[in-house]
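Below is one structure, written out as C-alpha cells; the observations come after it.
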Amino acid sequence: MPGIVIRWLILTLAILILPYLISGVRVEGFGTALAAAAILAVLNAIVRPVLIILTLPLTVVTLGLFILIINALLFELAGFFVPGLQIASFWSALFGSIIVSIISWIMNFAVAGGGWERKVVVRRKRDSKTYEMHRGRDGKWE
C-alpha cells in the first residue's frame with residue numbers, strides 16, 4: 001500500500017512540474033494535481049490496456065508510436081474530468097504526457113531503486129532444495 005501512495009505522489013509532483021515546462025497546460029494547485037494523478041492512474045490501469053489491444057494493428061504499423069497518441073488522449077481525458085487541469089490543445093497533451101512519463105519514470109527509479117525484483121527463488125533439480133536470494137538496497141544479492 002505505501003508503494004501506491006508513493007507512486008501517486010510522484011505522479012502528482014510530475015503534474016505540478018508540467019506547467020513550468022509547457023505553456024498549454026495549467027494546474028490550479030496541489031489538490032488539482034492530486035486528483036489529476038488519481039484519475040490518470042485509474043485511466044492508465046483500466047482504459048489504456050483496452051485501447052492498446054483495440055488499436056494493436058495500428059500500433060504495430062506505426063512501430064509503437066501510436067501508444068503516444070493513446071497516452072495523449074488519456075491525458076486530455078483526465079483534463080476533462082478534473083476541473084482545475086486545463087490542457088489547451090492535443091499537442092500540449094502529447095508533450096505533456098511525454099514529459100509526465102519521463103519525470104515519473106526518473107522519480108520512480110530514484111525512489112524505488114529501479115523497480116527490479118528484489119527476491120528470486122531458485123530450485124535445484126538434483127536435490128529439490130529451494131534457495132531464496134534477496135537483493136539489498138546496494139544492488140548486491142545475498
Side-chain angles (χ1 to χ4, degrees), residues 1-125 128-142:
M1 188 67 150
I4 292 171
V5 174
I6 290 171
R7 291 182 192 276
W8 184 24
L9 290 174
I10 287 172
L11 186 57
T12 301
L13 290 174
I15 291 172
L16 281 172
I17 293 170
L18 195 58
Y20 296 104
L21 301 175
I22 296 179
S23 61
V25 177
R26 201 178 103 185
V27 180
E28 288 185 5
F30 183 75
T32 300
L34 206 59
I39 295 293
L40 197 57
V42 168
L43 289 173
N44 281 334
I46 296 171
V47 177
R48 187 173 186 262
V50 173
L51 287 176
I52 288 175
I53 289 172
L54 290 176
T55 61
L56 191 59
L58 190 56
T59 302
V60 170
V61 168
T62 60
L63 302 174
L65 291 177
F66 193 74
I67 291 177
L68 295 174
I69 304 299
I70 291 172
N71 289 344
L73 292 173
L74 291 177
F75 194 67
E76 270 192 311
L77 191 59
F80 176 76
F81 285 127
V82 179
L85 177 65
Q86 289 142 4
I87 301 167
S89 66
F90 173 77
W91 293 107
S92 297
L94 179 68
F95 295 126
S97 66
I98 291 170
I99 290 172
V100 164
S101 296
I102 291 170
I103 292 171
S104 295
W105 181 76
I106 290 169
M107 291 174 79
N108 278 317
F109 186 82
V111 170
W116 292 299
E117 193 66 34
R118 296 200 181 279
K119 176 181 170 185
V120 174
V121 177
V122 179
R123 180 168 289 142
R124 288 178 48 182
K125 288 185 178 184
S128 298
K129 287 187 177 179
T130 302
Y131 301 94
E132 287 188 14
M133 297 178 67
H134 301 274
R135 183 169 37 189
R137 286 264 178 210
D138 59 354
K140 295 181 182 176
W141 290 95
E142 304 166 347

Could you check whether any side-chain N or O of Trp8 sits under 3.5 Å from a backbone N or O of Ala37, counting only pairs where one atom can act as donor and the other as acceptor? no

Roughly how far, to the nearest 0.5 Å, is [atom2] of [Y] from [atom1] of [X]?
{"X": "Leu40", "Y": "Asn71", "atom1": "CG", "atom2": "CG", "answer": "8.5 Å"}
{"X": "Thr59", "Y": "Leu68", "atom1": "OG1", "atom2": "CG", "answer": "10.0 Å"}
{"X": "Leu9", "Y": "Ile4", "atom1": "CG", "atom2": "CD1", "answer": "12.0 Å"}
{"X": "Ile17", "Y": "Tyr20", "atom1": "CD1", "atom2": "OH", "answer": "9.5 Å"}
{"X": "Ile87", "Y": "Leu77", "atom1": "CD1", "atom2": "CG", "answer": "9.5 Å"}
{"X": "Thr55", "Y": "Ile67", "atom1": "OG1", "atom2": "CD1", "answer": "7.5 Å"}

Measure across [X] and [Y] and return the closest heavy-atom pair with its distance rounded to 0.1 Å.
{"X": "Ala36", "Y": "Val82", "answer": "CA-CG2, 3.7 Å"}
{"X": "Leu34", "Y": "Thr12", "answer": "CD1-OG1, 3.4 Å"}
{"X": "Phe75", "Y": "Val100", "answer": "CE1-CG2, 4.3 Å"}
{"X": "Ala72", "Y": "Ala93", "answer": "O-CB, 3.6 Å"}
{"X": "Leu74", "Y": "Leu43", "answer": "O-CD1, 3.6 Å"}

Any [X] side-chain heavy atom under 4.5 Å of [Y] side chain:
{"X": "Leu85", "Y": "Val25", "result": "yes"}
{"X": "Met107", "Y": "Leu11", "result": "no"}
{"X": "Ile69", "Y": "Leu58", "result": "no"}

Partner of Leu51 under side-chain contact (heavy atoms from CB on, under 4.5 Å), chosen from Leu56, Leu73, Ile70: Ile70

Side chains of Ser92 and Ser89: do they bring a donor and an acceptor to under 3.5 Å? yes

For atom CZ of Phe90, decide whether the heavy atoms of other residues, nucleotides or ligands shown that lie under 6.0 angstrom number more than 12. yes

